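Every value quoted in this text rests on a predicted model; they were computed, and no experiment measured them.
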Amino acid sequence: MSKKMYTVADIAKITGYNRSTVTRWLDKQKIKNAQMQGNAPLYDAQVLDKFKKTHNSKQSKESKQDKTDKLIAEKDARISALTDEIELLKSQLKVKDDQIRVANQLADQAQKLNLADKPQLMHKDSDETSSEKLDSDKKTDKHWYSWIFR
C-alpha cells in the first residue's frame, strides 16, 4: 500500500497556485519533505490537504473577487451618498448666501435712512442749542445778582 506523493509542482497544479507560493507556504509552515525523487522533494497527501484548507484553492480566489466586488459596491454607494450630501450642502449654502445678501441690503437701507435723518437731527439740535443758550443767558442775567447777594 503505497501512498500518493506530490511534488511542489503537483501541489501547485492541483490547487491553482504558483510554485513559489507553495514553496513559501511550506517554508513558513516548516514542513519537511517525506521523500526525495532525484532532486525533487515529495510530500504526502496530508500536506496537500492542509495546503487546500489554508488556501481554499480556487474558491479562495473567487471569494477574494467577490470581496473586491463588494468593496467596490460599498465604495460606490458611499461616493453616491457623499455626492448627494455635497449637493444638499451646496443648496443650503446658496440659501445662506441669499440670506446674507438680503441682510446686507437691509443694513445698507438702514444706514441710508440714518444718514438721511441726520441733517434733520442736526437742525433740531442746533435750534435747541441756540434756544438753550438764550435761556441760559437770560438765567445768568437774572441770577448773577442773586448769586452775589446770597
Side-chain angles (χ1 to χ4, degrees), residues 1-140:
M1 216 166 64
S2 69
K3 291 184 175 180
K4 176 83 171 145
M5 302 299 279
Y6 300 97
T7 63
V8 173
D10 293 336
I11 294 172
K13 186 176 181 181
I14 292 170
T15 58
Y17 283 89
N18 194 323
R19 287 178 58 187
S20 61
T21 304
V22 175
T23 304
R24 273 186 266 129
W25 180 80
L26 290 169
D27 290 341
K28 187 176 180 181
Q29 298 295 320
K30 298 180 181 167
I31 297 174
K32 301 290 181 194
N33 57 330
Q35 291 180 346
M36 290 291 284
Q37 181 182 19
N39 287 338
L42 294 174
Y43 300 94
D44 58 7
Q46 291 176 345
V47 174
L48 175 64
D49 291 339
K50 190 173 181 181
F51 184 83
K52 282 182 178 180
K53 286 179 183 176
T54 58
H55 288 81
N56 290 332
S57 189
K58 290 275 187 184
Q59 294 173 355
S60 174
K61 288 182 181 178
E62 290 173 8
S63 66
K64 286 181 184 178
Q65 182 64 34
D66 291 342
K67 288 179 184 178
T68 304
D69 292 342
K70 285 180 183 178
L71 280 174
I72 290 172
E74 288 174 8
K75 298 275 185 196
D76 289 343
R78 181 73 177 141
I79 289 170
S80 175
L82 289 174
T83 304
D84 292 344
E85 187 175 350
I86 287 171
E87 292 302 318
L88 174 68
L89 291 173
K90 282 182 180 178
S91 67
Q92 289 177 347
L93 184 61
K94 186 177 179 183
V95 168
K96 294 297 181 188
D97 287 342
D98 291 342
Q99 290 174 348
I100 290 171
R101 185 180 45 75
V102 168
N104 284 336
Q105 287 175 348
L106 290 174
D108 287 343
Q109 288 175 355
Q111 188 176 17
K112 288 177 183 175
L113 286 173
N114 190 16
L115 290 174
D117 290 343
K118 195 164 192 150
Q120 294 173 358
L121 291 174
M122 294 295 276
H123 285 288
K124 284 183 181 179
D125 288 342
S126 63
D127 291 344
E128 288 175 10
T129 308
S130 61
S131 66
E132 285 178 6
K133 280 185 178 180
L134 291 174
D135 290 342
S136 66
D137 289 343
K138 289 178 184 175
K139 287 180 183 177
T140 55

At their closest point, which heavy atom of [X] faces which heavy atom of [Y], and how far apart are they?
X: H55; Y: W25; result: CE1-CD1, 3.2 Å
X: S91; Y: L88; result: OG-O, 2.7 Å
X: K52; Y: T15; result: CG-CG2, 3.9 Å
X: F51; Y: T54; result: O-OG1, 3.0 Å

Between L48 and the options V22, D10, I14, the side-chain contact (heavy atoms from CB on, under 4.5 Å) test singles out I14

For a side-chain contact (heavy atoms from CB on, under 4.5 Å) with N33, tell me which candidate from Q37, Q35, M36 qualifies.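 It is M36; the other options fail the test.
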
Can you tell me if [atom1] on [X] sees more than 12 non-hydrogen neighbours from other groups inside 6.0 Å?
X: R78; atom1: CZ; value: no
X: Q99; atom1: CD; value: yes
X: Q29; atom1: CD; value: yes

Which distance, rounded to the nearest 0.5 Å, do you find between the [atom1] of [X] and the [atom2] of [Y]?
X: Q111; Y: L113; atom1: CD; atom2: CG; value: 10.5 Å
X: L26; Y: T21; atom1: CG; atom2: OG1; value: 11.0 Å
X: I86; Y: L93; atom1: CD1; atom2: CG; value: 12.5 Å
X: D76; Y: L71; atom1: CG; atom2: CG; value: 11.0 Å
X: K13; Y: N18; atom1: NZ; atom2: CG; value: 14.5 Å

Worksheet item: Are any non-hydrogen side-chain atoms of I11 and Y17 less than 4.5 angstrom apart?
Response: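 Side-chain contact under 4.5 Å: no.
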
### Message
Any heavy-atom pair between the side chains of E85 and L82 that's under 4.5 Å?
### Response
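Sidechains of E85 and L82: in contact.
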
Verdict with supporting geometry, E87 and K90, side chain to side chain contact (heavy atoms under 4.5 Å, CB included): CA-CA 5 Å; E87 292 302 318; K90 282 182 180 178; 4.0 Å; yes

Q) Going through the distances and angles, do D98 and V102 end up as a side chain to side chain contact (heavy atoms under 4.5 Å, CB included)? A) CA-CA 6 Å; D98 291 342; V102 168; 5.6 Å; no

*Criterion side chain to side chain contact (heavy atoms under 4.5 Å, CB included) on R24 and D27, from CA distance to verdict*: CA-CA 5 Å; R24 273 186 266 129; D27 290 341; 5.7 Å; no

